[in-house]
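Heads up: the structure comes next, in structure tokens.
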Amino acid sequence: MSDKEKKLIYVDNAATTKVSKSVIEAMLPYMETYYGNPSSQLYSLGREAKAALEKARQGVAELLGCDANEIIFTSGGTEADNWAIKGTAYATKGRHIITSKIEHHAILHTLDALIKQGFEVTYLDVYDNGIVRPEDLEKAIREDTILITVMYANNEIGTIQPIKALAEIARKHKIPFFTDAVQAVGKLPINVKELGVDMLSLSGHKIHAPKGIGALYIRKGVRLSNLIEGGGQERGKRSGTENVAGVIALEQALREAVADLTDKDKVGKLRDYLADKLIKIPYSRINGDIKNRLDENLNMSFEFIEGEGLIMLLDMNGICASTGSACSTSSLEPSHVLRALGLPHEICHGSLRISLSADNTFEEMDYIAEKVTWAVNRLRMMSPLYERKLKEERSK
Amino acid sequence: MSDKEKKLIYVDNAATTKVSKSVIEAMLPYMETYYGNPSSQLYSLGREAKAALEKARQGVAELLGCDANEIIFTSGGTEADNWAIKGTAYATKGRHIITSKIEHHAILHTLDALIKQGFEVTYLDVYDNGIVRPEDLEKAIREDTILITVMYANNEIGTIQPIKALAEIARKHKIPFFTDAVQAVGKLPINVKELGVDMLSLSGHKIHAPKGIGALYIRKGVRLSNLIEGGGQERGKRSGTENVAGVIALEQALREAVADLTDKDKVGKLRDYLADKLIKIPYSRINGDIKNRLDENLNMSFEFIEGEGLIMLLDMNGICASTGSACSTSSLEPSHVLRALGLPHEICHGSLRISLSADNTFEEMDYIAEKVTWAVNRLRMMSPLYERKLKEERSK
Amino acid sequence: MYSEKVMDHFANPHNVGEIENADGVGEVGNAKCGDIMKIYLKIKDDIIVDVKFKTFGCGAAIATSSMATELIKGKSVNEAVKLTNKAVIEALDGLPAPKIHCSVLAEEAVKAALADYYKKIGRDASDLMVCEGCCGSCDHHHE
Amino acid sequence: MYSEKVMDHFANPHNVGEIENADGVGEVGNAKCGDIMKIYLKIKDDIIVDVKFKTFGCGAAIATSSMATELIKGKSVNEAVKLTNKAVIEALDGLPAPKIHCSVLAEEAVKAALADYYKKIGRDASDLMVCEGCCGSCDHHHE
Ligand SMILES: Cc1ncc(COP(=O)(O)O)c(C=O)c1O
Ligand SMILES: Cc1ncc(COP(=O)(O)O)c(C=O)c1O
């Protein structure tokens, strides 16, 4: 195992990330030494915890371009997403919500729950490039629209939505605009004021902080009913003893990610280097817009094979990657994101998602390219679809 | 500061606890090495995370006497409390809920939110000893009662409720019974099956695990609507990437706490030793039942003084303790718990809560007794109420 | 949460005590609300030559009592009448929002003591009348 | 999630390939559902002397194909007809719940290939007819 560990190549950073050493170092004192409850303002240990919490909040706020009291910490991206949507739905009259077809399940399943309660949802198309068109949003708006929620960057294909343009339309119609920025934060330069969004969610474990911490930006003046009630922490908006160490970790991780944005070229170059190699595999394609996507993301389909087997063969070679394919989760449906691009089922099934971090290297890309090529070939040799294709070719 | 740190005496373990070394050691590998997403079942790093998660779930379940799939992890006690209550309220027809007057705000404020939506709540009395009477529950039950929620051990006065008897009444009437056991878990031997409860909440940071992790026991067959929707983690009941390191920490901490239960005598002896000294202060009293309370808890009132000043004077002497008094939080109301005991406001205001852990020592108790006596005296010398009292005495 | 000045005045409050045969005594607040302030004045030729207080209340209540007595000590009665809760807050380098009421109480305790003095010497004290309610519940936020 | 047996048969599947002029060929599933299994049989004197498969599908689909072909190799046609998805699951030391359908597919692929053989030699194949729907959607859980 220790041998295998050493060789592991992790390219599934859209699923989660390794907690960075500096982040662990930053958070440990808040478990071992400054472990006080930030609500215990009457003694040193509590005040120190509170001061650290508020300093971190200030840091996160500055990094996102907002005021400290517009940042509320949550247990992660999913809670923030649920809160933004349910909190708006329950605080507002009106029944109509607009979203896109390629949102994360934290959005879509929250909307499903609202639909059962009588809300109506319009799903904006993303065409074959995976990007929403602002004019479609304009057309979808109704009298009773109470929320527009479109993700910033997609978790599977990495496409970046025109949030600024979408938010502007929302503002024109005085409809709150929320963006799930879990995949975008730390990867794109973000200033919430310039973006013009009313709410924005983020998650620590996607940017080298631990799992179980996230945040919701709530622009001053936005009305939101509470999801979690209790001791009145987070200025009464989100109760529960604050995860101080987690917040410290989140701030540290975000600070590092934003600092790294300046030399982000590197990750993009790695990705392009790998893409150039993989696209040489016959009957392969890149899913989603080539330009308007995260530098970290590569999503490809290889015809005639199914993604799960591909990922398993890569795992056998120490590579951790993912697929949006049917059998990859307990559901048997192929990814709704790839389906939304209009891809036929068989192409959705054979998808591979590589999501990089700054820790990856060119050597790793070489190795990945070699192993993917090998694995695709191997699976094709077993595939009746490939057999059929070859026979068709021969008979031409 | 480092000098002060060394001398700190922490006796506010009901507020939060220091994360123990062994817990930190147990969780670190899941941030640094086995950082995979448990949903990523197709590669080693994800499977390892998942296996560790499920092993920890099994461990927690065994320690509580239930099946692994009856344990769902949450972001803490507050989320678990909100979920149990709202989840039941929204999944059931009927509008009436029964609780006690001394619940934590995570319960009371969640109920407040439901009351705004048309639910009705009956608050059971706790008399002057801080303990609910089962016959009162029997009387409070109505045709449309959908939930009974009574905490196991109180966070301020440590009184232990007759949960088994209460749960039995609930079962007789086929009404779900939930207990907030955040303060009881790890301090009392708990077997959920023997207790007969349908749901039970717990929180990591009260038992030397980090903040931001908790769990809800949900007996098989209990219907609960989801609070947080998304990727379908936790068997579709609580979405969001699992806080693997937090769960590992929680299991480790719970295991240690349960193992320590066998020599729990020690904490009780510390508490009694301190109580014997403090009760010698004139015009002092112990709040809440003397016998039916957590060994860890001592809650006293000192007449003629206000608790905040007392805590501040203790803080100046390196002692971290708490008060249920008016000014201790941003609210100006004295503790609803002390009020529920029927204590007059002035006595509620002068309360001191000492909550011990196994880390405390007899030497610390001596020091605390000395400093409390000094501080109470000092504040009394400034108190117009004490002045009046002395004059009354003299004129007798 | 408290400024250093507040902590100072809490840890070492000035003018704690009683004055026998005081020329003015004022007590405001009540135990139910968790704050009682009692101020004793010794006045000579309309000058406050000595002032003492006793306070039942939180840290801020003690600190504001200390500061308020300090601010009027040696002052003329006419100057002391002008003491505002704002002046007390400023002198303490600020107070947390939920503690503002303590400064109000301190202002009122001074006024009550002065009103007592006025009454004793037969001067009209009507503009010194203070709200006698529970400060937490009266809910009109001064400042 | 997968047993070692499944991983073994996925990593080193037995009987991958085609048989030219096979005596029976069966193909079930479709690309939409993400699984297609094609089985080729070589049969002599009602004995399956050779069997090969090609599968488009997940790891479990490949492993079940491998195991199913292994289980009928060398067997008589009458024995092969009795192959159940349960037998395949057991031989693989179990399958995760969402993968049970793969074993059903494997059983059906074997039956389809046998039906083709029956048809070729003029034997009645009606009791070998298989559900042609998409296994994910047909929703009747075998097992
Ligand atoms: C786009 C997007 N939104 C939301 C989430 C959920 O965040 P978390 O895992 O922190 O609950 C994720 C990741 O899982 C994501 O990629
Ligand atoms: C009895 C009780 N219930 C619930 C909670 C809330 O738990 P958490 O701090 O984990 O949100 C606490 C502690 O704050 C508590 O003492």
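Only heavy atoms go into these numbers, but all of them, side chains included; no hydrogens, no water, no symmetry mates.
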Going by the rule salt bridge (charged side-chain N to carboxylate O under 4.0 Å, His left out), which residues pair with A:K371 if we only count those two or more places apart in sequence or in a different chain?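 Expected list: none.
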Could you check which of [options] has the highest count of heavy-atom pairs closer than 4.5 Å to chain A?
{"options": "B:G77, B:G214, B:G240, B:S322", "answer": "B:G240"}
{"options": "B:S75, B:A106, B:C320", "answer": "B:C320"}
{"options": "B:S203, B:G36, B:P210, B:G246", "answer": "B:G36"}
{"options": "B:G76, B:S239, B:A245", "answer": "B:S239"}
{"options": "B:R238, B:H208, B:H205", "answer": "B:H205"}

What are the two closest heavy atoms between B:L8 and A:S44, and how far apart are they?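 Residues B:L8 and A:S44, closest heavy atoms: CD2-OG, 3.8 Å.
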Crowded around A:K237 NZ? As in, over 12 foreign heavy atoms under 6.0 Å?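 For A:K237, atom NZ is not crowded (no more than 12 foreign heavy atoms under 6.0 Å).
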Under 4.5 Å heavy-atom distance to chain A, tell me which part of [X] shows up: side chain, backbone, both or neither.
{"X": "B:E242", "value": "backbone"}
{"X": "B:I85", "value": "neither"}
{"X": "B:A321", "value": "backbone"}
{"X": "B:S225", "value": "neither"}

Students often mix this up, so state it plainly: with edges at 30° and 60°, are the rings of A:Y34 and A:Y30 parallel, tilted or perpendicular?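 Tilted, since the angle between the ring planes falls between 30° and 60°.
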Parallel, tilted or perpendicular, as decided by the 30° and 60° cut-offs, for the rings of B:Y35 and A:Y10: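 Perpendicular.
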For a side chain to side chain contact (heavy atoms under 4.5 Å, CB included) with B:T149, tell me which candidate from B:I97, B:D81, B:D180 qualifies.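 Passing option: B:I97.
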Under a 4.5 Å heavy-atom cut-off, does chain B meet the side chain of A:N82, its backbone, both or neither?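 For A:N82, the side chain is the part near chain B, not the backbone.
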Checking heavy atoms, do the side chain of A:D112, its backbone, both or neither come under 4.5 Å from chain B?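 Neither part.
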Can you tell me how far apart CG (B:N155) and CD (B:E103) are? Round to the nearest 0.5 Å.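 Those atoms lie 9.0 Å apart.
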Taking distance alone, no hydrogens or angles, what donor-acceptor pairs closer than 3.5 Å link side-chain atoms of residues 20-27 of chain B to residues at least two apart or in another chain?
residue: B:S20; atom: OG; partner: B:S22; partner atom: OG; Å: 3.4
residue: B:S20; atom: OG; partner: B:E256; partner atom: OE1; Å: 3.4
residue: B:S22; atom: OG; partner: B:E256; partner atom: OE1; Å: 3.1
residue: B:S22; atom: OG; partner: B:E256; partner atom: OE2; Å: 2.5

